[in-house]
Q: 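Quick one: this structure, given as structure tokens, is what I'll be asking you about.
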Number of protein chains: 2
Amino acid sequence: MSRYLEARRETLPPAVTDLAEQLAEAGYKVTGPRLAVLKAATALRGAFSVHELEQWLIARGESPGIASIFRTVRLLSDLNLLQRIHGLDDCHRYSLGKGHGHHLVCTGCGAMERFEDCGVQSLIQQLEQRTGYRISAHLVELFGLCPRCLAASAA
Amino acid sequence: MSRYLEARRETLPPAVTDLAEQLAEAGYKVTGPRLAVLKAATALRGAFSVHELEQWLIARGESPGIASIFRTVRLLSDLNLLQRIHGLDDCHRYSLGKGHGHHLVCTGCGAMERFEDCGVQSLIQQLEQRTGYRISAHLVELFGLCPRCLAASAA
DNA sequence: TTCATAGTTGAGAGATAATATCAATAAAAT
DNA sequence: ATTTTATTGATATTATCTCTCAACTATGAA
């Protein structure tokens with residue numbers, strides 16, 4: 001495995017070591033900058049932007065160069081460990097999570113719920129028949145107010 | 001109505017005058033640059049980027065400043081006459097069309113089908129119950145190969 | 001038709017998101 | 001411990017898009 005990771009395993013949250021192990025398994029080196037980004041992404045939870053990752057890291061005095069933050073985000077995305085969130089306007093947010101997933105995003109505060117089953121299978125079948133396309137991917141994102149923002153707006 | 005539009009109605013495609021009338025009705029002036037962008041968007045059909053609009057216009061020697069192209073795209077979008085297409089990667093394409101709509105985009109050639117009914121109502125109800133969110137908007141986009149690209153890839 | 005006015009335009013500066021370059025560095029294999 | 005090779009970071013660059021503001025023009029009123 002990764003010597004670098006083993007040396008600091010004790011000091012890292014399990015979620016971070018877990019992700020780092022997947023980087024190693026995929027043949028990538030486990031480096032300081034990459035661990036830093038993983039720490040930030042894990043700590044921020046939910047939907048975060050590259051800028052927010054950077055701010056979190058700067059605040060702790062351990063920010064890699066911005067290029068490496070982008071590179072790590074891209075790498076996690078390529079390995080399907082990170083999903084890009086497509087907002088109605090904003091398309092520059094991400095969420096940790098394995099494989100295919102969808103998001104329900106609060107337009108008030110940015111909170112987010114992930115869900116797996118989006119029930120578009122029958123729509124896909126229907127459209128394949130009607131249009132002759134072979135559909136291989138889909139994007140489903142939902143927007144609204146979370147319970148807290150809902151309560152606040154009612155007051 | 002718009003004096004400017006009436007004076008050139010004869011020289012414009014109906015799809016363009018139709019859109020221009022909607023600008024006028026909404027209280028916006030019908031100007032040369034705006035008509036030019038409408039012509040480009042109508043001519044390009046399907047999914048287009050701002051850059052493609054600009055290229056089309058430059059090729060005909062009637063391109064407004066890039067700022068005005070962006071402004072017109074934004075205006076059409078605000079009036080719900082233009083939809084932004086969210087690709088898996090690319091989020092900078094648009095499609096003419098009124099109101100709420102979804103897209104089935106060919107990952108091979110960029111061709112595109114619009115569809116209205118996306119059948120996520122029951123998913124929305126389900127998630128509202130489970131999460132307590134009040135869902136007010138959604139994004140559904142599908143990707144695959146169009147019949148032509150499918151045939152080409154089989155060969 | 002002409003005029004006044006208020007909305008619109010365009011050039012260029014600037015903001016933001018992201019990538020490219022490449023010498024220096026550090027993790028991993030030996 | 002040394003070698004090898006991936007990775008990093010500073011900087012420049014590109015792409016997308018917005019801002020500013022003087023000049024302009026479509027529109028409504030006269």
Side-chain angles (χ1 to χ4, degrees), chain A residues 1-9 12 17 20-21 23-38 47-55 57-58 61-79 82 84-87 89-94, chain B residues 1-9 12 17 20-21 23-38 47-55 57-58 61-79 82 84-87 89-94:
Chain A
M1 277 271 128
S2 163
R3 240 148 54 189
Y4 189 90
L5 177 56
E6 294 313 320
R8 36 250 63 219
R9 172 158 249 136
L12 295 167
T17 58
E21 269 167 19
L23 289 188
E25 266 161 46
Y28 295 94
K29 293 183 178 174
V30 175
T31 66
R34 282 177 178 160
L35 280 180
V37 171
L38 291 179
F48 51 81
S49 64
V50 170
H51 181 69
E52 285 162 3
L53 288 178
E54 191 188 20
Q55 290 310 305
L57 289 161
I58 286 175
E62 49 180 304
S63 184
I66 188 69
S68 287
I69 301 180
F70 274 107
R71 280 189 283 236
T72 304
V73 165
R74 152 80 73 122
L75 176 60
L76 293 171
S77 175
D78 287 347
L79 293 177
L82 185 79
R84 181 170 176 181
I85 296 178
H86 290 259
D89 299 311
D90 187 4
C91 290
H92 306 107
R93 306 196 135 257
Y94 301 86
Chain B
M1 279 276 128
S2 163
R3 242 150 52 189
Y4 188 90
L5 177 57
E6 294 312 320
R8 36 231 85 213
R9 170 158 249 137
L12 294 168
T17 57
E21 269 166 19
L23 290 188
E25 266 162 43
Y28 295 94
K29 293 183 178 175
V30 175
T31 65
R34 282 175 179 163
L35 280 180
V37 171
L38 292 179
F48 51 81
S49 64
V50 170
H51 182 69
E52 284 162 3
L53 287 178
E54 190 188 23
Q55 290 309 305
L57 289 161
I58 286 175
E62 50 179 303
S63 184
I66 188 68
S68 287
I69 301 181
F70 274 107
R71 279 189 284 236
T72 303
V73 164
R74 152 81 73 122
L75 176 59
L76 292 171
S77 174
D78 287 348
L79 294 176
L82 184 78
R84 180 169 179 181
I85 296 178
H86 290 259
D89 299 311
D90 186 5
C91 290
H92 306 108
R93 307 195 135 258
Y94 301 86

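In what follows, every chain begins at residue 1, and chains take the letters A, B, ... in the order their sequences are listed.
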Q: Give a yes or no on whether B/D78 atom CG has more than 12 heavy-atom contacts from other residues, nucleotides or ligands under 6.0 Å away.
A: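 Counting other residues, nucleotides and ligands, CG of B/D78 exceeds 12 neighbours.
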Q: Quick one: does B/S63's side chain get under 4.5 Å of B/I69's, heavy atoms only?
A: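 Side chain of B/S63 against side chain of B/I69, heavy atoms only: contact under 4.5 Å found.
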Q: Assign B/F70 to base, sugar-phosphate, or nothing according to its heavy-atom contacts below 4.0 angstrom with the strands shown.
A: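 Base, at least one base atom sits under 4.0 Å.
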Q: Donor-acceptor check, side chain of B/R84 to backbone of B/C91, threshold 3.5 angstrom: yes or no?
A: yes
Q: Kindly point out which of C/dG10, D/dG9, D/dA1 is positioned nearest to the side chain of A/P64?
A: D/dG9
Q: Can you identify which nucleotide, out of D/dC17, C/dA18, C/dG10, has its nearest atom closest to the B/H92 side chain?
A: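 So the side chain of B/H92 is nearest to D/dC17.
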Q: According to a strict under-4.0 Å criterion, is A/Y94 in side-chain N/O contact with OP1 or OP2 of C/dA18?
A: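 For A/Y94, the contact criterion (side-chain N or O under 4.0 Å from OP1 or OP2 of C/dA18) is met.
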Q: Give B/R71 one of three labels, base, sugar-phosphate or nothing, depending on what nucleic acid heavy atoms sit under 4.0 Å from its own.
A: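 Result for B/R71 = base.
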Q: Respond yes when some side-chain nitrogen or oxygen of A/Y4 is under 4.0 Å from OP1 or OP2 of C/dA29, and no when none is.
A: no
Q: Considering just the side-chain nitrogens and oxygens of A/R74, establish if one lies under 4.0 Å of OP1 or OP2 belonging to C/dA18.
A: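 For A/R74, the contact criterion (side-chain N or O under 4.0 Å from OP1 or OP2 of C/dA18) is not met.
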Q: I need the CD-P distance between B/E62 and C/dT9, as an integer number of Å.
A: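 Going from B/E62 (CD) to C/dT9 (P), I get 14 Å.
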Q: Give me the atom names and distance for the closest heavy-atom approach of B/R93 to B/A47.
A: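 Heavy-atom minimum between the residues: NH1-O, 2.9 Å.
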Q: Does D/dT7 have its OP1 or OP2 closer than 4.0 Å to a side-chain nitrogen or oxygen of A/T31?
A: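 Indeed not, no polar side-chain atom of A/T31 lies that close.
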Q: Expressed as a whole number of angstroms, how long is the span from A/I66:CD1 to D/dA12:P?
A: 17 Å
Q: Spell out yes or no: do the side chain of A/K29 and the base of C/dA26 have one donor N/O and one acceptor N/O closer than 3.5 Å?
A: no
Q: Does D/dA26 have OP1 or OP2 under 4.0 Å away from a side-chain N or O of B/S2?
A: no
Q: Find the distance A/R8:CZ to C/dA26:P and express it as a whole number of Å.
A: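 My rounded result for the distance is 12 Å.
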